[in-house]
Structure formats: C-alpha cells, structure tokens
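One structure is given here, and the rest of the page talks about it.
Start at 1 with the first residue, then count along the sequence. Everything quoted here is computed from the prediction, not taken from an experiment.
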Amino acid sequence: MGAAAVRLDGNTLLLGDGVSVRFVRTLRLPESGTHPLPPGLGEFPVRRVEDFAATVPPEWRARGGVLVPMYLREAMWLRFGCVEPAALQVGVGKVCAVSGRPWSGTLARDPQNYVVLPRQPWLDGINSGRGTVRQFVAVPLGLGATVEGQVTGEESWGGVQLQAFALDRPAREAWRAEQAERTRRARAAAPFAPGGFGGPGGPLGGSAMPPAPGGPAAPAAAPFGAPAGAAAPQRAAAMGIGAGGTMRQEVYRDERPLSDWASAPAGRVFVHLVTPPQWRRITGEEPPPSPVDRDAYTRAGLPWYDYDDASAADLPPAGPLSGVKPVGEWLGDDHAPWTPPAPGQVLPLGDAAPPGTPVGDGDW
C-alpha cells in the first residue's frame, strides 16, 4: 500500500495532481437490446470513510476511501476530467472493468487495463462488447450477481476501485511543449479569440455531457464526524457492481507507448457502495431521492445521447467480461416500462477542481 494523493472536493474525487472523477446518477437501461447513452441526473454524494470512523464497518475503515449511496439495481456512470493526460484504472470488485483481469497495481497493454484521459470522457459500464459496454448497476454481494462474482467465483471486495497514473517526466515535458506551441499558433492566428486550451468543452475540459435537465440536486454535505446518537459499527451490508443493459460506447485504445506513463500511481481510492438505510445510519444524512422513472423521462421528450470519436480506436471486448450475465438473472426480470427514445431525442455529443480534503487510503 502506498501513500496515495487523493482529495475530495464536494462530490468530486481528485486523484494526483489533476484527475477528477464524479459519480453520476442515470437511468437504468433494459437488459435486452442496445441503447444510446442515458442522461446524467445529478451526482451521487461522496463522503470520506475516516469522517465516520465510529459508524462504518471495521473492514471499511481498514480499506479507507470514500462512501457512495446507491439503491438496489440503480445505475451510474463515471465522469472524468484531467489537467494533463493520464491513465486511469477502474476496478469493480477488484476486477478490471476494461480488461476483465484481476486488479493490478501497474498498467498493462496486452490487454490494456486502463482508460486514457482526456480521450475517454466517461465510462458507463464494463467493456463486454465491440463498441458497447454493459451498464454499471448496484447489486448486493452474496448472490453471485456481481461482475466480481461471475469472473472470479468469489465476492470478497465489492465497490469500485480507481487508480491514476500521470505521464513520466520526459513525456510530460514533451506534451507541455507541444501544448505551448499549439497555444502560440492559435493566438497568432486569432489573437482576440475568447477562451483557451483546457476550458470547458475544450480538449481537456472533461466530459462533453451538458448539465442534466431537471436532475435531482445532490444533498448538501453533512458536518464531518459521526452524527449524534449514531449506532455503533455493524457488519457491512456490502454492495458491488453487476452488469445491466447494453449501450453504444467505445473504450479507446491508448496510442502512446506504455513507457510514457509513470511506474507508480499518482493516487488510488476504494469506493464503498452503501445502501440507503446504511447511508442514513452511518452519516446521519438522508440518501438521494429514489431513481428517476426512465419511461416518464423518455415520454417527456428529454434527451438521450450519442458520442463518437472518429479519430480513436476502440478496444476489443474483454474476454472475461463478454460472458457476464445481467443482474436480472439473479434479481428477476426488469418489469419497468420501456419507451424507446424517438430519433430526435438522441443528441450527438462532439474540470479539474482545486485540491480539497485528503482521502485516506488503506489495505486492499
């Protein structure tokens, strides 16, 4: 275990000097068919484990990291941002969401076990198909429904794991020189043009996803520390990530040589998924509202999205993830109504924050 530099700014995780990750609520897709990208409906609240050391389960306290509340079978996607290029590993129950291999402390290329920022603006699920992913969906441990359970045969970890790597010094200096020259040429060509490199919507502006229309606001942060009268720590009612519906999304191939990346991570964090009752007991806060009804959303004419980067190459589907079954195999059929979006509802899509409070790492 290393002393990873991870901070929390509001609901945004900051790994290292410039990688940001946000956890976004979204509509859960049907488990049959292939669908466009669902919308963002507000951010999940994020809290540090050590701020609730008196009420979190002991094994969570040992792992450190942060807490995120999710309803059973609720879906989410991860929104990324960066100041400079970065490689980010994403694990679900310590199974790589990109390669399907066991979690590793180092980057690998064959198969690739990370996403490349800023080229990958978000990730909605596991890399289980060609040009598609299976949606991240919260399920309890113990049923065998998680990606972890199906790939490894055990459910020991749950949650989500993140680890960021920066460019090594020569590659970083070369990149900075390239950006400086690009900026100089742009200013010479249009000296009075507004904006600049790295602004919102620019090459390093993070996700191109617009603000969610009518999404629920995240609850205000509670004071640090255990709430007054909180119950003593209980055994963890752990949750993990299962596979939901399929959507059109590519996981992009890294065009850099592996040697361009630093050998040691700039930051890593364990994200514990908490049920709403457990969230209330641990933090003293009310959990977010229940998930939005997707049929009502679509019938209201609100947008879905389609994103394509023609200059990037998609990774092949990860073998261990290709056979992962949807959570409905364990939790029953999805009987929620489904109204497909009309063609006009699918819209094409073409920040790093200052450091906040440090997040402690632990043994995992």
For Q163, the side chain to side chain donor-acceptor pair (under 3.5 Å) test, sequence neighbours excluded, returns Q89
Evaluate the side-chain proximity of Y114 to L88: yes if any heavy-atom separation is below 4.5 Å, no if none is. no
Evaluate the side-chain contact (heavy atoms from CB on, under 4.5 Å) criterion for residues F80 and V21: first the C-alpha distance (whole Å), next the side-chain angles of each, then the deciding distance (0.1 Å), finally the verdict. CA-CA 5 Å; F80 308 134; V21 181; 4.1 Å; yes
In this structure, would L29 and Y71 fall into the same cluster of hydrophobic residues linked by side-chain contacts under 4.5 Å? no
May I have all residue pairs that pass salt bridge (Lys or Arg N to Asp or Glu O under 4.0 Å) and include part of residues 128-156, sequence neighbours excluded? none
Of all residues at least two apart in sequence or in a different chain, which pass the ring pair (Phe, Tyr, Trp, His ring centres under 6.0 Å) check with W157? none
Once side chain to side chain contact (heavy atoms under 4.5 Å, CB included) is applied, do any residues pair with A318, and if so which ones, sequence neighbours excluded? N127, P320, L321
According to salt bridge (charged side-chain N to carboxylate O under 4.0 Å, His left out), who are the partners of R185, at least two apart in sequence or on a separate chain? E181
Who passes side chain to side chain contact (heavy atoms under 4.5 Å, CB included) against E50, sequence neighbours left out? R48
Go through the structure and list residues passing side chain to side chain contact (heavy atoms under 4.5 Å, CB included) with V49, not counting sequence neighbours. V56, L67, H272
Please evaluate residues R176 and E84 with respect to the criterion salt bridge (Lys or Arg N to Asp or Glu O under 4.0 Å), reporting the C-alpha separation (whole Å), side-chain torsions for both, the decisive distance (0.1 Å), and the verdict. CA-CA 9 Å; R176 289 176 177 175; E84 296 184 337; 2.6 Å; yes
Chi angles and distances behind the side-chain contact (heavy atoms from CB on, under 4.5 Å) call for T146, L141: CA-CA 7 Å; T146 62; L141 301 189; 3.7 Å; yes
Atom of E250, atom of Q120 and distance for their closest heavy-atom approach: O-NE2, 2.9 Å
I need the full list of ring-ring contact (aromatic ring centres under 6.0 Å, His included) pairs touching residues 87-109, with sequence neighbours left out, sorted by first then second residue. W103-W364
Residues in side chain to side chain donor-acceptor pair (under 3.5 Å) with T34, at least two apart? none
Before you tell me yes or no, could you show the steps for M239 and T275 under side-chain contact (heavy atoms from CB on, under 4.5 Å), namely the whole-Å CA-CA distance, both residues' side-chain angles and the distance that decides it to 0.1 Å? CA-CA 7 Å; M239 299 239 291; T275 64; 3.7 Å; yes
Tell me, with the steps shown, if V271 and L13 meet side-chain contact (heavy atoms from CB on, under 4.5 Å). CA-CA 10 Å; V271 182; L13 276 175; 4.3 Å; yes
To check you understand the geometry: which heavy-atom pair defines the closest contact between P38 and W77, and what is its length? O-NE1, 4.2 Å
Basic-acidic side-chain contact under 4.0 Å: R280, E286: yes
Smallest separation among heavy atoms of G328 and E31, with atom names: N-OE2, 3.0 Å
Would you say the side-chain atoms of R28 pair up with the backbone N or O of R73, donor to acceptor, closer than 3.5 Å? yes
Contact summary for L72 and P140, nearest pair of heavy atoms: CD1-CD, 3.2 Å
Would you say the side chain of F44 lies within less than 4.5 Å of the side chain of V274, judging by non-hydrogen atoms? no
Can you tell me if E74 uses its side chain to pair, donor with acceptor, with the backbone of R25 under 3.5 Å? no
To the nearest 0.5 angstrom, please state how far the CD atom of E43 sits from the CG atom of N11. 5.5 Å
Between Q161 and K94 (side chain of the first, backbone of the second, donor and acceptor by atom type, cut-off under 3.5 Å), is there such a pair? yes
Salt bridge (Lys or Arg N to Asp or Glu O under 4.0 Å) evaluation trace for D361 with R268: CA-CA 7 Å; D361 188 24; R268 73 168 198 166; 2.6 Å; yes
Please check this pair: side chain of S99 against backbone of C96, looking for a donor-acceptor N/O pair closer than 3.5 Å. no
Tell me whether Y252 shares a hydrophobic cluster with V133, the cluster being built from Ile, Leu, Val, Met, Phe, Trp, Tyr side chains joined at under 4.5 Å. yes
Within the distance-only criterion (no hydrogens, no angle test), does the side chain of T26 pair as donor or acceptor with the backbone N or O of A75 below 3.5 angstrom? no
Regarding T283 and R47, do their side chains bring together a donor and an acceptor under 3.5 Å, going by distance alone? no
Non-hydrogen side-chain atoms of L41 and V24 separated by less than 4.5 Å: no
Over all atoms of both residues, closest heavy-atom pair of L273 and G159: CG-CA, 4.0 Å
Suppose we screen for side chain to side chain contact (heavy atoms under 4.5 Å, CB included). Which residues come up paired with A171, at least two apart in sequence or across chains? L167, D168, R256, D260
Is the shortest side-chain heavy-atom distance between I241 and V160 below 4.5 Å? yes
Say whether Q249 and D124, considering side chains only, have a donor N or O and an acceptor N or O under 3.5 Å apart. yes
With rounding to the nearest 0.5 angstrom, report the CD1 to OG distance, I126 to S322. 8.5 Å
Same cluster (ILVMFWY, side-chain, under 4.5 Å), L123 and V324: yes
With sequence neighbours excluded, tell me which residues meet salt bridge (charged side-chain N to carboxylate O under 4.0 Å, His left out) with E178. R182
Any side-chain to backbone donor/acceptor pair from T55 onto I282? Under 3.5 Å, distance only. yes
Has the side chain of D314 got a donor or acceptor atom that lies under 3.5 Å from a matching backbone atom of V251? yes
Could you pull out the closest heavy-atom pair between P69 and P45, with the gap in Å? CD-O, 3.3 Å
Summary of salt bridge (Lys or Arg N to Asp or Glu O under 4.0 Å) pairs that have at least one residue in residues 107-118, sequence neighbours excluded: R109-D254
